[in-house]
Amino acid sequence: MLDDKILEVLRLGGDSYVSGEDLCKDAGISRAAIWKRIEKLREEGYEIEASPHLGYRLVGLPDSLIPSEIKWKLGTKVLGKEVISYKKVDSTNDIAYELAEKKMKEGTVVFADEQAHGKGRHGRQWVSPPKGGVYMSCILRPDMAPSEIPKITLMAAVAVAKAIRVLTGLTATIKWPNDILIDGKKVCGILTEMKAEQDSIDFIVLGIGINVNTSAKALPKTATSIGAELRAAGKDEQVSRIELAKNVLETLEKYYNVLTKNGASPIIEEWKELSAMIGSRIKVVLPKRTFEGLAHDLDRDGALIVRSDSGVLEKVSSGDIVMVR
Ligand code: BTN
């Protein structure tokens with residue numbers, strides 16, 4: 001709290017120095033205590049200039065998904081009110097799951113700058129090199145039946161695609177159920193895990209991984225990163241992982257509220273608009289069989305309706321989709 005106060009005063013100071021005296025007054029602590037706090041903030045990655053006559057000035061922010069950066073001017077009411085950050089973990093989903101079991105409240109978000117064993121769907125690995133992307137897991141406690149969980153993942157896909165579009169101007173699209181693609185390559189994956197009773201959800205861990213600066217060499221052939229796509233589009237601007245994470249939280253909260261208040265149909269409509277695949281030829285890979293057809297529609301539960309080559313409409317509730325050219 002005290003660190004947040006000091007940071008706030010320094011941030012408001014902009015390019016100007018803030019005198020030690022003013023900092024002491026605003027934070028309500030002694031000069032020696034301020035000095036200790038400034039040292040601690042520097043260890044976290046804040047670049048703070050100190051001048052004996054002028055005071056302190058904030059000249060650089062850490063490139064880390066830490067609470068003080070995520071929470072600064074975050075426009076949410078619930079999501080991200082509690083932020084827990086790590087430099088390196090095995091999987092943010094595992095940490096969030098443990099916290100949720102210990103009754104951590106809805107809206108808690110776990111971030112990491114690196115994952116040693118990032119988890120993907122169907123037991124795959126999610127490549128998560130240091131500061132290569134946004135790796136985050138949100139604890140949600142919706143008043144929904146377990147069978148409604150696909151609606152949460154579709155909602156999250158809509159929110160992330162929108163956030164990426166707004167922040168970067170890149171045309172992010174959705175591939176069923178919740179992969180986010182840019183130029184046909186995957187930039188984001190979503191892994192939803194849940195604990196539930198027979199007919200009610202206890203909690204959901206919504207894990208989101210977005211490749212931001214990950215090099216193509218580290219990623220599977222079918223994947224890309226936002227930085228690479230911006231460079232391919234001739235833009236050399238950097239995408240801030242912090243800004244992206246904040247945008248995702250704000251957009252996610254907006255669509256989560258829509259889903260819980262108005263139901264899934266507005267989300268499904270937006271999903272269809274953002275999806276690149278309705279009307280396209282696809283291959284459906286199920287555990288025991290594979291078939292090709294045309295992606296026909298999304299039903300109101302979020303299942304994909306596929307018109308198979310034999311003309312039959314098939315409902316696909318889980319599985320992998322491959323786009324066929
Ligand atoms: C997929 O396979 O498409 C889902 C990938 C989900 C990756 C994210 S990164 C943050 C969170 N923690 C994990 O271990 N996995 C999810």
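Worth knowing before you read on, the calculation uses all heavy atoms, side chains too, and leaves out hydrogens, waters and symmetry mates. Remember, it's 1-based here, ligands and their atoms both numbered in the order they're listed.
Taking every non-hydrogen atom of Gly118 and a distance limit under 4.0 Å, the qualifying atoms of ligand 1 come out as 14 (O). Atoms of ligand 1 found under 4.0 Å from any heavy atom of Gly120, numbered from 1 in the order shown, are 1 (C), 2 (O), 4 (C), 5 (C). Which parts of ligand 1 touch Thr92 is read off a 4.0 Å heavy-atom cut-off, strictly below it: atoms 10 (C), 11 (C), 12 (N).
Between Arg307 and His296, the shortest heavy-atom distance links the atoms NH2-CE1, 3.8 Å.
For atom 5 (C) of ligand 1, the nearest protein heavy atom (residue, atom name, distance) is Trp126 CE3, 3.4 Å. Distance from atom 8 (C) of ligand 1 to its nearest protein heavy atom, with residue and atom name: Gly209 N, 3.6 Å. For atom 15 (N) of ligand 1, the nearest protein heavy atom (residue, atom name, distance) is Lys119 O, 2.8 Å. The single protein non-hydrogen atom nearest to atom 9 (S) of ligand 1 is Gln115 NE2, 3.3 Å, given as residue, atom name and distance. Looking only at heavy atoms of the protein, atom 2 (O) of ligand 1 is closest to Arg121 N, 2.6 Å. Nearest to atom 3 (O) of ligand 1 among the protein's heavy atoms is Lys186 NZ, 2.6 Å.
Distances between N or O atoms of Ser91 and those of ligand 1 include at least one value under 3.5 Å.
Counting heavy atoms under 4.0 Å from ligand 1, residue Ile208 touches it through the backbone alone. The part of Ile190 lying near ligand 1 is the backbone, judged by heavy-atom distances below 4.0 Å. The backbone of Met136, and not its side chain, has at least one atom closer than 4.0 Å to an atom of ligand 1 (non-hydrogen atoms only; backbone = N, CA, C, O).
Salt bridge status for Asp113 with Lys87: absent, with no side-chain N to carboxylate O gap under 4.0 Å. Under 4.0 Å is where a charged nitrogen must lie from a carboxylate oxygen, and between Glu69 and Arg11 at least one such pair does. A salt bridge links Glu270 and Lys162; the closest N-O separation between the charged side-chain nitrogens and carboxylate oxygens is under 4.0 Å. A salt bridge is absent between Asp26 and Lys5; no separation between the charged side-chain nitrogens and carboxylate oxygens falls under 4.0 Å.
To the nearest 0.5 Å, atom CG of residue Asp94 and atom CD of residue Glu193 are 6.5 Å apart.
Panel note: side chain Ser225, backbone Asn211; no donor-acceptor pair is recorded below 3.5 Å. Between the side chain of Thr251 and the backbone N or O of Asn247, at least one donor-acceptor pair lies under 3.5 Å.
Within 6.0 Å of CD on Glu237 lie more than 12 heavy atoms contributed by other residues, nucleotides or ligands.
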